[in-house]
J.: 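Here it is, the structure in full.
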Amino acid sequence: MTAQDSATTRTSIAVDGPRTTSATPAASSPASRQGALLAGVGVVAFSLTFPATAWGLESFGPWSLVAVRSLLAGLIAAAFLLVGRVPLPERRHWAGLAVVAAGTVVGFPLLTTLALQTSTTSHAAVVVGLLPLTTAALSALRTGRRPSRAFWAAALAGAAVVVAFTVQQSGGALSTGDLYLFGALLICAAGYTEGGRLARVMPGWQVIGWALILTLPLAVLGSAVALAAEPVQLTAHGVLGVLWVAAGSQFFGLYVWYRGMAAIGVPRASQLQLAQPLLTLVWAVLLLGEHLSPAAPLAAAGVLVCIAVTQRAAA
């Protein structure tokens, strides 16, 4: 991986979705297809996050798991940045990187880990199906660009399916785990929006790399405190789980995800994540042996149908 001095580029940040220009190719162009592929790889990596977190909780407490996850991912990021001799980002980018760090490095991992103490992986996966809509909405507010009516109709339809599933599974009332999950959606969507914006002017791996560096001191302190307070019982599943959420979800997944968002825009990329609940349901059965309720695959399939509509709609 070669050093790229994109952090010092004076190009202004393009915060809206893709336009049909030479700088941002049309949806049918090779560059756009590559962007969709990269974002799709990121979705596959993210779909393994909840099962890996459930494995990690076999060995670590929730606070220890999140702290160790951030620490390992931060060390990986530091190694890549040092080997690549990447210069520090410009001062104007640090506020955005702080939002990425708060949303994707700290907030989402912590809140979803707490939720998985009481929620099943399959339930949490379907609830997180709201993330594409949340990301698209925050992106529209952040950029002032409005996706088409067809886009919003399909996104809202997917969100309605998720909400109906959540209420049905919770017996008509939201549980504490659901509240954690909904909070995670909001803070993660903010991190995705800022990360996609910054990935237009610096490589995606540098976006998540510097965000991880920002939280590294907190991760070191948090690991020391949490590991002393929570018992640790290492198992093969626990070790594999924490390694995946650190290297696979936290670093590699976000690297390809932000590259994909930079190529095709935040709204279109966010809707690819509607496939994540269905993929996580598959992993929940294969890796965790969970028994799915009939509503879970139906809800996941329902939001999956919305992908085709949102990807065809002008975003």
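Here, residue 1 is the first one in the sequence, and each next residue gets the next number.
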J.: Quick one: pull up CZ in Phe46 and CZ in Phe108 and give me the separation to the nearest 0.5 Å.
T.: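 With rounding to 0.5 Å, CZ (Phe46) is 9.0 Å from CZ (Phe108).
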J.: Calculate, to the nearest 0.5 Å, the distance between atoms CG and CG belonging to Leu48 and Leu279 respectively.
T.: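 So the CG of Leu48 and the CG of Leu279 are separated by 8.5 Å.
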J.: Answer with yes or no whether the hydrophobic clustering places Leu186 together with Leu110; edges join I, L, V, M, F, W, Y residues whose side-chain heavy atoms lie under 4.5 Å apart.
T.: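 Per the 4.5 Å side-chain linkage, Leu186 and Leu110 are not co-clustered.
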J.: Does any non-hydrogen side-chain atom of Trp210 lie less than 4.5 Å from one of Leu88?
T.: yes
J.: Verify the cluster assignment for Trp94 and Leu212: are they in a single hydrophobic cluster under the rule of side-chain heavy atoms below 4.5 Å apart?
T.: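 Both belong to a single hydrophobic cluster.
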J.: Evaluate side-chain contact (heavy atoms from CB on, under 4.5 Å) for Leu81 paired with Trp205, printing each intermediate quantity in order.
T.: CA-CA 9 Å; Leu81 291 169; Trp205 72 274; 3.6 Å; yes
J.: If hydrophobic clusters are built by linking Ile, Leu, Val, Met, Phe, Trp and Tyr wherever their side-chain heavy atoms come under 4.5 Å apart, do Leu298 and Leu278 end up in the same one?
T.: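 Per the 4.5 Å side-chain linkage, Leu298 and Leu278 are not co-clustered.
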J.: Under a 3.5 Å distance rule, please check whether Ser59 uses its side chain to pair with a backbone N or O of Gln233 as donor and acceptor.
T.: yes
J.: Taking side chain as C-beta onward, heavy atoms only, is Gln276 less than 4.5 Å from Val44?
T.: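 They are not in side-chain contact.
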J.: So, Thr215 side chain and Leu218 main chain: donor-acceptor pair closer than 3.5 Å or not?
T.: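 Side chain of Thr215 to backbone of Leu218: no pair is present.
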J.: Answer with yes or no whether the side chains of Ser122 and Glu290 bring together a donor and an acceptor at under 3.5 Å.
T.: yes
J.: Are Met261 and Val99 connected in a single hydrophobic cluster, I mean Ile/Leu/Val/Met/Phe/Trp/Tyr linked by side-chain heavy atoms less than 4.5 Å apart?
T.: no
J.: I'd like to know whether His123 forms a side-chain contact (heavy atoms from CB on, under 4.5 Å) with Asp178, so could you lay out the CA-CA distance, the side-chain angles of the two residues, the decisive distance to 0.1 Å, and finally the verdict.
T.: CA-CA 9 Å; His123 179 89; Asp178 291 327; 2.7 Å; yes
J.: Measure the OG1-NE2 distance between Thr120 and His291 for me, rounded to the nearest 0.5 Å.
T.: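 If I round to the nearest 0.5 Å, the distance is 12.0 Å.
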J.: Are side-chain heavy atoms of Leu181 and Leu111 found at a separation under 4.5 Å?
T.: no
J.: What's the separation between atom CZ in Arg92 and atom CG in Leu198, rounded to the nearest 0.5 Å?
T.: 9.5 Å
J.: Holding to ring-ring contact (aromatic ring centres under 6.0 Å, His included), I want the full list of residues that pass it with Phe50, two or more places apart in sequence or in another chain.
T.: none
J.: Looking at Ala101, is its backbone amide N or carbonyl O close enough to the side chain of Thr104 to form a donor-acceptor pair, meaning the two atoms are under 3.5 Å apart?
T.: no
J.: Do the non-hydrogen side-chain atoms of Phe60 and Leu227 ever get within less than 4.5 Å of each other?
T.: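 Yes; the side chains approach each other to less than 4.5 Å.
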J.: Run the side-chain contact (heavy atoms from CB on, under 4.5 Å) check on Thr113 and Trp63 step by step: do they pass?
T.: CA-CA 8 Å; Thr113 300; Trp63 296 91; over 6 Å; no
J.: For residues 69-76, which side-chain donor-acceptor pairs fall under 3.5 Å, sequence neighbours excluded?
T.:
residue	atom	partner	partner atom	Å
Arg69	NE	Gln250	OE1	2.8
Arg69	NH2	Gln250	OE1	3.4
Ser70	OG	Val66	O	3.1
Ser70	OG	Val105	O	3.4

J.: Taking all heavy atoms of Gly191 and all of Val100, pick out the closest pair and write down the distance.
T.: O-CG2, 3.7 Å
J.: Just checking, is any N or O donor in the side chain of Glu230 or Ser64 under 3.5 Å from an acceptor N or O on the other one?
T.: yes
J.: So how far is it from Thr176 OG1 to Gln117 CD, rounded to the nearest 0.5 Å?
T.: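 Interatomic distance, Thr176 OG1 to Gln117 CD, rounded to 0.5 Å: 11.5 Å.
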J.: Is the shortest heavy-atom distance from the side chain of Leu221 to the side chain of Val225 under 4.5 Å?
T.: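 Touching, per the 4.5 Å side-chain cut-off.
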J.: With a 4.5 Å cut-off on side-chain heavy-atom distances among I, L, V, M, F, W and Y, is there a chain of contacts connecting Trp55 to Val239?
T.: yes
J.: Counting only heavy atoms from other residues, nucleotides and ligands, does the tally under 6.0 Å from CH2 of Trp152 exceed 12?
T.: yes
J.: Please check if the number of heavy atoms outside Phe251 that lie under 6.0 Å from its CZ is greater than 12.
T.: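 Yes, CZ of Phe251 has more than 12 neighbouring heavy atoms, counting only those of other groups under 6.0 Å.
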J.: Of all heavy-atom pairs between Thr134 and Leu185, which one has the smallest distance, and what is that distance?
T.: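 Between these two residues, the closest heavy atoms are CG2-O, 3.8 Å.
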J.: If you define the side chain from C-beta out and look only at heavy atoms, does anything of Phe80 sit under 4.5 Å from Val86?
T.: no
J.: Can you see which heavy atom on Ser249 is nearest to which on Ala45, and at what distance?
T.: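 Closest pair (atom of Ser249, atom of Ala45, distance): OG-O, 3.7 Å.
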J.: Between Trp283 and Ser47, what is the shortest heavy-atom contact and its length?
T.: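 Heavy-atom minimum between the residues: NE1-OG, 2.9 Å.
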J.: To the closest 0.5 Å, what do you measure between CD (Glu90) and CE (Met202)?
T.: 8.0 Å
J.: Taking all non-hydrogen atoms of both residues into account, name the closest pair between Ala189 and Leu138 and its distance.
T.: CB-CD1, 3.6 Å
J.: Report yes if the distance between the aromatic ring centroids of Tyr192 and Trp257 is under 6.0 Å, otherwise no.
T.: yes
J.: For Leu114 and Pro62, work out which heavy atoms get closest and say how close.
T.: CD2-CB, 4.0 Å
